[in-house]
Asker: 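The structure that follows is given in the form of structure tokens.
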Amino acid sequence: MSKPYTLQKLLVIAVAKEIHDYENVILGVGLPTTAGALAKALYAPHATLMMESGIIDFKPLLPLNHIADAHSCRGFSYATDLFSAFTMTYRGFVDVCFLGVGQIDKYGNVNTMAIGDYYKPAMRLPGSGGAADFISYAKRTVLTMLGGNFVNKLDYMTSPGYLKGGDSREKSGLFPKGTGPSMLLTTKGVFRFDEKSREIYLAQIHPRVSIEDIKKEVPWNLKIAPDLSETPRPTDEEIDFIRSFAPAQSAGRELALELTVANMMRKAKVI
Amino acid sequence: MSKPYTLQKLLVIAVAKEIHDYENVILGVGLPTTAGALAKALYAPHATLMMESGIIDFKPLLPLNHIADAHSCRGFSYATDLFSAFTMTYRGFVDVCFLGVGQIDKYGNVNTMAIGDYYKPAMRLPGSGGAADFISYAKRTVLTMLGGNFVNKLDYMTSPGYLKGGDSREKSGLFPKGTGPSMLLTTKGVFRFDEKSREIYLAQIHPRVSIEDIKKEVPWNLKIAPDLSETPRPTDEEIDFIRSFAPAQSAGRELALELTVANMMRKAKVI
Amino acid sequence: MLVGAGCVEKLVTTYVLRAGGKKGGSAVERALTAATLQIEDYTNFDYNARMVAGMHGFSFMQVLEGVMATDLFHKRSFMGEDKFRVIKCPYTEKNILTVPAANPDVCIVHVQRADKDGNAQYWGAMGSVAAAALASKRIIVSCEEIVEHDIIQSSPHLTIIPAYRVDAVVEIPWGAHPTEVLGYYNIDPFMYGLFMMSDAAADGLKSWMDEWVYGCVNRAAYLDRYIGGFGSEILDGIKAKAFYSAPANHGSAFTTRWDREGRERFMGLTMEELEKTFQERGKLYE
Amino acid sequence: MLVGAGCVEKLVTTYVLRAGGKKGGSAVERALTAATLQIEDYTNFDYNARMVAGMHGFSFMQVLEGVMATDLFHKRSFMGEDKFRVIKCPYTEKNILTVPAANPDVCIVHVQRADKDGNAQYWGAMGSVAAAALASKRIIVSCEEIVEHDIIQSSPHLTIIPAYRVDAVVEIPWGAHPTEVLGYYNIDPFMYGLFMMSDAAADGLKSWMDEWVYGCVNRAAYLDRYIGGFGSEILDGIKAKAFYSAPANHGSAFTTRWDREGRERFMGLTMEELEKTFQERGKLYE
């Protein structure tokens, strides 16, 4: 029996396993960085980890604060600029990238712009950042949705998934063959896309979650993989790495914030 | 009475005086580099000397072997690439540049491509290199013609001067206002361009040269400045600087080559 | 912060930082809801491409066509037709998505070191720092240290802005605080956290700005207030340790045409011998 | 040299070196006169722009319109209409001169240092080195020294080609001889002079190549022949002296989330305390 773990650790590991050895990987801040660090340490020692800010081939020692955080590594191999980081993706040199999700539809199209009307939003989300261009040209895109929603129709389409499904992405002539989202991770399970219809389906389910828990969050009749499995239990090695590398992430955002504020109150002479 | 000097020193000085303090200057190999070094040492200490290869703000310690020779200085301020060196010129940040001439016409248009038919030349000259783009966008261009010819019609137009004269350069819509060649230096004199007609005229004459010597090399009735002067005698300070900085250049190409070959024969154990 | 202070009517952006997650908010969201702000969204690459075009003096730049499938292309605000335009490649006939050049009026950029002439050196994540500065009509460089010119000259590959483009250079230690400067200090999680917490609500941001922006006559006053209030321990704890780049040798074999014996390296003659040769050959003008 | 060896049928160039001035000549001139070579001339910028387009995956690049007044624009050879094409700027309506992208099949580039993975570091005059390499389909890096990976990692701003683009890396000291490498050696005026003198006539170039190219089984044989024939004094005399770049500090304040007392820097708890909290809050999966 291996050590106890938090849900956050399980999520990191599920994502890390999407990084294969010798691949070129564009990371995002948060879960993907920890996943990248874990993959590099345990599964994919020759992967080239990159940030769109032009940090190419780095080994994260700490979680990054933002996409241009060069404080979280001890040097890197190649300092290029944002322009070239994207055109290198355009040319097909990026194997896998990671994007966060606000809303997602049946075919993996993503909204990270706004909830409600774009011009007068109920909630303004971050925007595109690098997302729209990466999902267009990286060979695979891993989507992570920790606080977002499945919807029938996006309030805003920021990042192109499989458009209207089937071969519509390929037929648009805008994207290289074989690109598109390969997986969606949520706090409840792992989803993948049907090879033909490109419709999203549930492929793995996390411990303590039922299919019904998931289905009630999806406003259409969600397909389930015939070989649906439970997300595998972390190994001690995986748990130890994440505990040490990203303790705040292991705690989850709310608990980490609570503990951090409490600590600051203790430390500061005045507030 | 100042020290004796060679014609080559006189030429360097005539060109160096075209560089004013605080200007941004694109140098070429040969005479312009020595002129740039002289100007920086004596007349224009705040000039920013640059090579199109992206060596920005350097102080030449030796004559350069080629446009990308970073061995001839002790560091420089800014390493950029060739693309940006030209687009910075395009944007108007270069005050003066220097180009060599194979053939030149009445309006300062230049051929450095080929003598005779371009496709099957009697003599293949170097080509454009950076010339065509620099003369298009630098505020002033200084032309040097040490072995070339005045002609009625260029065999090939590599670099645009004042086109058909008058306001034809400005009217073409291809060049920023006020750009174009400002002077031509030959082994016999200094030529400038009429403000209105843009026709070249003789402005200064070197010692030991007569107007007739010059006129017989020009296949049209060359205009002479009413205030034609003799190129001023170098000062001791100027002579000393060039003697020390560019001894081979002071000798002129043929004598320098003769002395260098003789020296190599002496030095090499076998040939 | 500028949006929060009401300085912005129209915003072209690629990313809006949201404080406090779902429950939080941002100055931009509040301004959009209040209809005091118009917004135009690009991808990071697209807006960077606008500045790269501006940096090179071009009027437009081609960008990546995938965006044509998204609302970034379809939904437009104050830029209208000029947000994106599509042309045909003259060689391949394929559709090319373009964006117009951007040349900001002023860029204020904080770097690690500069010389007094303004040659600015920056290292770490390059992002769009150089393009943003070089595209701008005026450039103000602030830096952690003003160093001697020879430091710059020995390391020209770190320079991102040449002196002739710089309008002013200012030395401001801790100039990026509470954010970070590689090789100088890390982000200050305490002060940054305070700012983020205050940014989640309009009155919070206002009181933070009253204290830390309007309430400080200059940067020294800001630091004094910080140290006076919270002590210097946090700052000491975020100071960077040494991890220096492996140097590049910019040296050459010699720096003068004359060898140790005073002979010209190619011709093998001393200056006196050379002058004598010139005289013998009739090369000298008296 | 490739033209002289008869390896080239079509040449796209910007500059043709001429040996021996007016009285001399060049392999290109001889081949043009013999009609064994077709040539297409661009400016340095234009050809560089073709590689910059190729480097970014674009199909064309805009260039500087002044060239439209010259024979570079008007006289075309084997590229015909595709040498330059003119489009309209979609924003300003002005004419834009363009060139098509170039993606060479192979680029062989010699640099100062690289690691065994191929991360290539080059410094000095940048020119179009990076664009030429990155535009190419395959890249072969030769270098003066293969260094440890940590040297590269500490100085990423000197890297011009990342390892994932490199097909092969070779360590060849004196690899650019008789030309130069900044920080390693100067141009060898003796050997370079020999080459230039031989290049002025076809039979001269052939005998030089017979001796120094075809006559040397590899680079070591070339150097051995050189030293055997001419001695090592010239090489010693062109070795670079030390002039090292001022380093950049890439350090940060810490490299782990845990402080010296074993407490997490934000939350102030040890790993044991943190795990205990997780358990108390029901966060742990057994």
Side-chain angles (χ1 to χ4, degrees), chain C residues 53 56-62 64 82 85-92 94 96 98-101 112-113 121 123-124 126 147 150-158 180 182-186 189 193 237-255 259 265-266, chain D residues 53 56-62 64 82 85-92 94 96 98-101 112-113 121 123-124 126 147 150-158 180 182-186 189 193 237-255 259 265-266:
Chain C
H56 289 309
F58 297 151
S59 54
F60 73 96
M61 183 57 71
Q62 49 201 305
L64 314 183
D82 277 348
R85 286 183 182 269
V86 180
I87 61 173
K88 281 237 178 293
C89 170
Y91 302 92
T92 63
K94 76 171 187 172
I96 305 285
T98 73
V99 291
Q112 280 100 339
R113 66 191 184 203
Q121 296 198 327
W123 56 90
M126 299 302 284
V147 297
D150 61 0
I151 297 285
I152 303 292
Q153 273 202 298
S154 77
S155 53
H157 293 261
L158 298 174
E180 76 277 24
L182 185 63
Y184 288 78
Y185 45 87
N186 282 34
I238 60 171
K239 274 187 191 154
K241 303 285 168 49
F243 175 54
Y244 288 100
S245 59
N249 188 3
H250 285 258
S252 64
F254 42 79
T255 55
D259 69 16
R265 291 173 193 276
F266 285 166
Chain D
H56 290 308
F58 297 152
S59 55
F60 72 95
M61 183 57 70
Q62 50 201 304
L64 315 182
D82 276 348
R85 286 183 183 269
V86 179
I87 60 173
K88 281 237 179 290
C89 170
Y91 303 93
T92 63
K94 77 170 185 172
I96 306 284
T98 72
V99 290
Q112 280 101 339
R113 67 191 183 202
Q121 296 199 326
W123 56 91
M126 299 302 283
V147 297
D150 62 359
I151 297 286
I152 303 292
Q153 272 202 300
S154 77
S155 52
H157 293 260
L158 298 173
E180 76 276 25
L182 185 64
Y184 289 78
Y185 44 87
N186 281 34
I238 59 172
K239 274 187 191 152
K241 305 283 168 51
F243 176 53
Y244 288 101
S245 60
N249 188 3
H250 285 258
S252 64
F254 41 80
T255 55
D259 69 16
R265 292 174 192 277
F266 285 165

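In this text, all values refer to a predicted model and were calculated from it rather than measured experimentally. Throughout, a chain's letter reflects where its sequence line sits, starting with A, and its residues are numbered from 1.
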Asker: Who wins among D/I87, D/V147, D/T92, D/V99 for the most heavy-atom pairs under 4.5 Å with chain C?
Answerer: D/V99
Asker: Taking all heavy atoms of D/H157 and all of C/M126, pick out the closest pair and write down the distance.
Answerer: CE1-SD, 3.2 Å
Asker: Side chains of D/Y91 and C/S59: closer than 4.5 Å at any heavy-atom pair?
Answerer: no
Asker: So which part of D/I152 gets closer than 4.5 Å to some heavy atom of chain C, the side chain, the backbone, both or neither?
Answerer: neither
Asker: Looking at every heavy atom in both D/P189 and C/F266, which two are closest together, and how far apart are they?
Answerer: CB-CE2, 3.3 Å
Asker: Any idea which heavy atoms bring D/A240 and C/G251 closest together, and the distance?
Answerer: CB-O, 3.4 Å
Asker: Below 4.5 Å from any heavy atom of chain D, which atoms of C/P90 appear? Answer side chain, backbone, both or neither.
Answerer: both
Asker: Which one wins on heavy-atom pair count under 4.5 Å against chain C: D/Y184, D/F254, D/Y185?
Answerer: D/F254
Asker: Quick check on C/F60 against chain D: is it the side chain, the backbone, both or neither that has a heavy atom closer than 4.5 Å?
Answerer: both
Asker: Which bit of C/L158 is near chain D, if near means a heavy-atom gap under 4.5 Å: side chain, backbone, both or neither?
Answerer: side chain
Asker: State which residue, out of C/S245, C/S154, C/S155, fulfils the side-chain contact (heavy atoms from CB on, under 4.5 Å) condition with D/P247.
Answerer: C/S245
Asker: Minimum heavy-atom separation for C/F243 and D/N249, please, with both atom names.
Answerer: N-OD1, 2.8 Å
Asker: Need one label for C/K239: side chain, backbone, both or neither, based on atoms under 4.5 Å from any heavy atom in chain D.
Answerer: backbone
Asker: Nearest 0.5 Å, please: how far is CD1 in C/I96 from CZ in D/F58?
Answerer: 8.5 Å
Asker: On a heavy-atom basis, which atom in C/N186 and which in D/A253 lie closest, and how many Å separate them?
Answerer: OD1-N, 2.8 Å
Asker: Using every non-hydrogen atom in the two residues, find where C/I151 and D/A246 come nearest and quote the distance to one decimal.
Answerer: CG2-CB, 3.7 Å
Asker: To the nearest 0.5 Å, what is the distance between CZ on D/R265 and CD1 on C/I238?
Answerer: 11.5 Å
Asker: In terms of heavy-atom proximity below 4.5 Å to chain C, should D/P156 be classed as side chain, backbone, both, or neither?
Answerer: neither
